[in-house]
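Presented below is the structure to which this report refers.
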Amino acid sequence: MQATLSEQEVIRREKLAELKAMGIDPYPAPLYNITHTAQQIKQGYSEETKDEYKEISIAGRIMSRRDMGKANFAVLQDETGTIQIYIKRDEICPGEDKSLFDTVWKRLLDLGDIIGIKGYGFITKTGETSVHVQSFTVMSKALRPLPSVKEKDGEVFNEVTDLEFKYRQRYADLIVNPGVRDTFTRITKMKNAIRSFLNERGGLEVDTPVLQSIPGGALARPFITHHNALDIPLYLRIANELYLKRLIVGGFPWVYEFSRNFRNEGMDRTHNPEFTILEFYVAYKDYLWMMETTEQMLEETAIATNGVSTSVIDGVEIDFKAPYKRISIYDAIKEHTGFDISNMDEAGLREVCKSLNIQVDGTMGKGKLVDEIFGGKCEKHYVQPTFIIDYPVEMSPLTKKHREKEGLVERFELIINGKEIANAYSELNDPIDQRERFEEQLKNMERGDDEAMFIDNDFLRALEYGMPPTAGIGIGIERLAMLLTGNVSIQDVLFFPQMRPENVA
RNA sequence: GGUUCUGUAGCUCAGCUGGUAGAGCAAAUGACUCUUAAUCAUUGGGUCCAGGGUUCGAAUCCCUGCGGAACCA
């Protein structure tokens, strides 16, 4: 099904046919030998080094053109940036036949087309490092016009701001909007820095199942699918925690995975149905050790990503420099609501919620109520990185009981800019206690909590073989990426955020 | 799920209290051998998201649907 073409698309198809008629393949097969990138030439070229730039070739997309009749300037964009090129008719076409310049270059090539050029470096009268073209090769004809974004002195004109366009056609967004590529390359730097940090300390990167028959390790609603050959339901993972712990049982001292998780829940600026959590588990450590490791890792990661330990988001400067403040969740609630809930039962918590105007329902247990109070009244106050520690046992079914404090577990969450970035604990390795916690969850499920955990008997079997004391953490990679790149929407740190399907003609 | 905002040329946008569409960039044609948001002249380009309704007449007002965004739950 082909929709009616716009005027410009028709013209480009006609040009394509004309190129072919002239014997020029608009989509040639042979590899093109590229000697330099735009950035290498801009940074490396000078009066002293000019001899090294006598025979160079670059390739890229034509982004703008300035036509002076028998001489043209154009801007070529490659993966490193843009560079100006200069092309003269009588050099390209020394003989009588001027068609290569007049017809092919000036008329049949458009903004967006990909070409390769051979030539030499030089500096224009106005001081811009450029490439003087001696020959060019058509490498890909663009049939669809790009949005015409322009830029001068860092100021962008006619920038594509339509979010729907940006998210649905990220390929065009990347070509046309300066800064988008940078955001994503910084995110990759961020992930590489995390990998280096973990690898240097003995971490082993592993892969565990995405398709799981019991969706465990977190409290969330899963996507469900069906395996035809086995005729069983399977779930896309909501977490990989229970599999990484099985590997700790198996004897690996430190495992990690960038886990793509899937949660069948609402979408907003901080939630996409598919997202990434870095989880890592380290044997013979506890949550206190994990706090120190986390703050070191984030400081190093911030510096690797941005060059400094700070980042600005929404006008607020965040400093990732270690160490981070620590406060217990009960103290945090006391500080921001005035209520001391440390010894309260469920009924007392419901009273507190009522007086704080927090909506609750009958399915919520004690843990969920504490979570609502903290989430509603406290979380937003923690802008600089802060560890919230020592959670009540009811909201943490996989966490070891606190070494000293009755009713609490050894758990922390890291809050930055008012949002949860990481969640970690001293892992529960007592198989009998773990079975009881799962049974508690089953009660919540019967009560109507559709996010409660299933019992995973195979995981319990693994624990029964003995798991060493272990510290584990999950870090929200998109949320960290948002903080480090200064983006407030998760859609701006995912190449292809989830959208309602459109009808593309 | 609720409330609000939003959808006009390839892109960015204008279009008043209703009289069937405009600008800049991009495109076409022409001029110009160091321009840089190049410049100058001329020209073309629209299912005004879709479907209903009100009206002599709807891009504009009303309703429904579809897409997008923000806030709330």
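Letters A, B, ... are given to chains in the order of the sequence lines, protein chains preceding strands, and every chain is numbered from 1. Side chains included, hydrogens not; waters and symmetry mates left out as well; all remaining heavy atoms used. Bear in mind the structure is a predicted one, so any value in this text is a computation, not a measurement.
Atom P of nucleotide B/U12 and atom CG of A/Asp173 are separated by 11 Å, given to the nearest angstrom. If you take CG of A/Asp113 and C1' of B/A26, they are 14 Å apart, rounded to a whole angstrom. The distance between atom CD of A/Glu372 and atom C1' of B/A73, rounded to the nearest whole Å, is 11 Å. In this structure, A/Arg144 places its CZ atom 17 Å from P of B/A27, rounding to the nearest Å. Whole-Å rounding puts the A/Lys166 NZ to B/G7 C1' distance at 18 Å. If you take CZ of A/Arg89 and P of B/A31, they are 11 Å apart, rounded to a whole angstrom. Rounded to an integer number of Å, the gap from A/Glu151 CD to B/G24 C1' is 18 Å. B/C25 atom C1' lies 6 Å from atom NZ of A/Lys150, rounded to whole Å.
The residue A/Ser130 sits apart from the nucleic acid: no heavy atom pair falls under 4.0 Å. Using a 4.0 Å heavy-atom cutoff across all strands shown, A/Glu128 reaches at least one base atom of the nucleic acid. Counting non-hydrogen atoms under 4.0 angstrom, A/Phe122 reaches a base of the nucleic acid. The residue A/Lys15 sits close only to the backbone: its heavy atoms come under 4.0 Å of sugar-phosphate atoms, none of a base. Counting any heavy atom pair closer than 4.0 Å across all strands shown, A/Asp90 reaches a base atom. If you check every strand for non-hydrogen atoms under 4.0 Å, A/Gln84 touches a base. A/Leu111 comes within 4.0 angstrom of the backbone, heavy atoms only, and of no base.
For B/C72 and B/G18, the P atoms lie 35 Å apart once the distance is rounded to whole Å. Annotation: B/A31 and B/C49 have their P atoms spaced 40 Å apart (nearest Å). For the C1' atoms, the distance linking B/A73 with B/C63 amounts to 27 Å, nearest Å. Atom name C1', nucleotides B/G65 and B/U6: the rounded distance is 16 Å, in whole Å. Distance check on atom C1': B/C40 versus B/C32 gives 9 Å, rounded to whole Å. B/G44 and B/U3 have their C1' atoms separated by 44 Å, given to the nearest Å. Distance noted for atom C1' between B/A50 and B/C66: 7 Å (whole Å). Spacing of P atoms, B/C62 relative to B/G46, comes out at 29 Å, to the nearest Å.
Separation of atoms CG (A/Leu109) and CG (A/Leu19) is listed at 6.5 Å; rounding is to 0.5 Å. Distance check: A/Asp113 CG to A/Leu143 CG gives 8.5 Å after rounding to the nearest 0.5 Å. Within the model, atoms CD of A/Gln491 and OH of A/Tyr167 stand 4.5 Å from one another, a figure rounded to the nearest 0.5 Å. Note: A/Glu420 CD to A/Asp371 CG = 8.5 Å, rounded to the nearest 0.5 Å.
For A/Arg221 against A/Glu265, the heavy-atom pair with the smallest separation is N-OE2, 3.0 Å.
Remark: A/Thr161 is in phosphate contact with B/C13, judged by side-chain N or O atoms under 4.0 Å from OP1 or OP2. Neither OP1 nor OP2 of B/U35 sits under 4.0 Å from any side-chain N or O of A/Arg66.
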Contact letters for nucleotides 41-47 of chain B, in which S counts primed atoms plus P, OP1 and OP2 and B counts the base, heavy atoms under 4.0 Å: ---BS--

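There is no side-chain donor-acceptor pair under 3.5 Å between A/Gln39 and A/Thr80.
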Can you give me the N/O atom pairs linking the protein to nucleotides 65-69 of chain B at distances under 3.5 Å, or say none if there are none?
| from | atom 1 | to | atom 2 | distance (Å) |
| --- | --- | --- | --- | --- |
| B/G67 | OP1 | A/Arg500 | NE | 3.0 |
| B/G67 | OP1 | A/Arg500 | NH1 | 3.4 |
| B/G67 | O3' | A/Arg168 | NH2 | 2.9 |
| B/G67 | O2' | A/Glu164 | OE1 | 3.3 |
| B/G67 | O2' | A/Glu164 | OE2 | 2.3 |
| B/G68 | OP1 | A/Arg168 | NH2 | 3.2 |
| B/G68 | OP1 | A/Arg500 | N | 3.0 |
| B/G68 | OP2 | A/Arg500 | NE | 3.3 |
| B/G68 | O4' | A/Glu164 | OE1 | 3.2 |
| B/A69 | OP1 | A/Gln491 | OE1 | 2.8 |
| B/A69 | OP1 | A/Gln491 | NE2 | 3.3 |

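Aromatic ring pairs are classed by plane angle as parallel below 30°, tilted from 30° to 60° and perpendicular above 60°; the pair A/Tyr45 and A/Tyr53 is perpendicular. Ring planes of A/Phe412 and A/Phe387: perpendicular class, angle over 60° (limits at 30 and 60°).
Residue order along RNA chain B, read from the 5' end via each residue's closest nucleotide, puts A/Arg12 first among A/Arg12 and A/Lys88. When the nearest nucleotides of RNA chain B are assigned to A/Pro145 and A/Lys125 by heavy-atom distance, the more 5′-ward of the two goes with A/Pro145.
Although no hydrogens or angles enter the test, the distance criterion places no donor-acceptor pair under 3.5 Å between the side chain of A/Glu279 and the main chain of A/Phe258.
Between B/C32, B/A37, B/A73, one nucleotide has an atom nearer to the side chain of A/Lys152 than all others, and that is B/A37.
With both pairing distances under 3.5 Å, B/C5 is matched to B/G68 as a Watson-Crick or G-U wobble pair. With a cut-off of 3.5 Å on both Watson-Crick or G-U wobble distances, the partner of B/G51 is given as B/C63. The partner of B/C32 is absent, by the rule that a Watson-Crick or G-U pair needs both atom distances under 3.5 Å. Nucleotide B/G22 forms a Watson-Crick or G-U wobble pair with B/C13, both donor-acceptor distances falling under 3.5 Å.
You'll find the side chain of A/Arg12 reaches within 4.5 Å of the side chain of A/Asp110, heavy atoms only.
A donor and an acceptor atom never sit less than 3.5 Å apart when one is taken from the side chain of A/Asn158 and the other from the base of B/C13. Side chain A/Thr124 to base B/U35: a donor-acceptor pair is found below 3.5 Å.
Ring centers of A/Phe374 and A/His381: at least 6.0 Å apart, outside the cut-off. Aromatic ring centroids of A/Tyr235 and A/Phe223 lie 6.0 Å or more apart.
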